[in-house]
Amino acid sequence: MSDDWFARRFAPLENAAWIGTGGVVLVGIGLFWSDNDVATTCWVIGILGLLPLMFHLFMIPVWHWRERYRGAHPDLWGALLVIETSSWSKLIYWFRHVLPDWRGRGRYRRPVDQAV
């Protein structure tokens with residue numbers, strides 16, 4: 001991790017990813033199971049397992065924007081991240097801001113003494 005902010009935010013994301021992987025497996029089992037009751041149970045538990053992962057994937061851009069945004073359009077990004085419902089803006093924000101900050105590149109470049 002590049003710094004403490006990412007360590008705090010990505011640790012729960014990593015745990016949620018493991019739970020989400022189990023959720024994907026259960027949804028896959030539910031797709032191919034012939035008994036409707038078992039398939040429905042697998043689907044429900046699988047979707048519930050994916051919810052923490054989806055929550056963190058949606059919220060990290062909002063948390064990042066609130067605490068660490070470095071750019072020329074903070075009001076625009078704030079409105080898009082909070083109001084826009086399709087989540088395309090969150091996906092774009094991941095690539096334009098979160099990942100460069102994580103890697104310490106571009107506008108998020110850190111001084112040499114802070115590099116990890």
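Basis for what follows: all heavy atoms, side chains included, without hydrogens, waters or symmetry-related copies.
Residues Trp94 and His64 keep their aromatic ring centres 6.0 Å or farther apart.
Annotation: side chain of Leu51 is in contact with side chain of Leu48 (closest heavy-atom distance under 4.5 Å). Side chains of Leu26 and Trp43 form no contact here, defined as non-hydrogen atoms less than 4.5 Å apart. Contact check for Leu53 versus Ile19: no side-chain heavy atoms found under the 4.5 Å cut-off. The shortest distance between side-chain heavy atoms of Arg9 and Arg68 does not fall below 4.5 Å. Between Trp63 and Leu81, the closest side-chain pair of non-hydrogen atoms is not below 4.5 Å. A 4.5 Å side-chain heavy-atom check between Phe6 and Val98 finds at least one atom pair inside the cut-off. Looking at Pro100 and Arg107, their side chains never come closer than 4.5 Å, going by heavy atoms from C-beta outward.
The minimum heavy-atom distance between Pro52 and Gly49, with the atom names listed, is CD-O, 3.4 Å. Heavy atoms only, all atoms of each residue included: Arg8 and Pro12 are closest at O-CD, 3.1 Å.
Atom CD in Glu14 sits 11.5 Å away from atom NE2 in His56 (nearest 0.5 Å). Here the CG-CD1 distance, from Leu50 to Ile45, works out to 12.5 Å after rounding to the nearest 0.5 Å. Remark: Ile92 CD1 to Lys90 NZ distance equals 11.5 Å, nearest 0.5 Å. Annotation: the span from Ile47 atom CD1 to Met54 atom CE amounts to 9.5 Å, rounded to 0.5 Å. To the nearest 0.5 Å, atoms CZ (Arg105) and CG (Leu99) are separated by 10.0 Å.
Using a 4.5 Å cut-off between side-chain heavy atoms of Ile, Leu, Val, Met, Phe, Trp and Tyr, with links allowed through other members, Phe58 and Ile83 fall into different hydrophobic clusters. A single hydrophobic cluster is seen to contain both Phe10 and Leu91, as judged by linkage of ILVMFWY side chains at heavy-atom distances under 4.5 Å, directly or through other members. A single hydrophobic cluster is not seen to contain both Phe32 and Val38; linkage of ILVMFWY side chains at heavy-atom distances under 4.5 Å, directly or through other members, places them apart.
With hydrogens and angles disregarded, no donor-acceptor distance shorter than 3.5 Å links the side chain of Tyr69 to the backbone of Trp77. Under the 3.5 Å distance criterion, the side-chain polar atoms of Tyr108 are matched with a main-chain donor or acceptor of Arg70.
Sparse packing is recorded around CH2 of Trp33, with 12 or fewer heavy atoms of other residues, nucleotides or ligands lying under 6.0 Å away.
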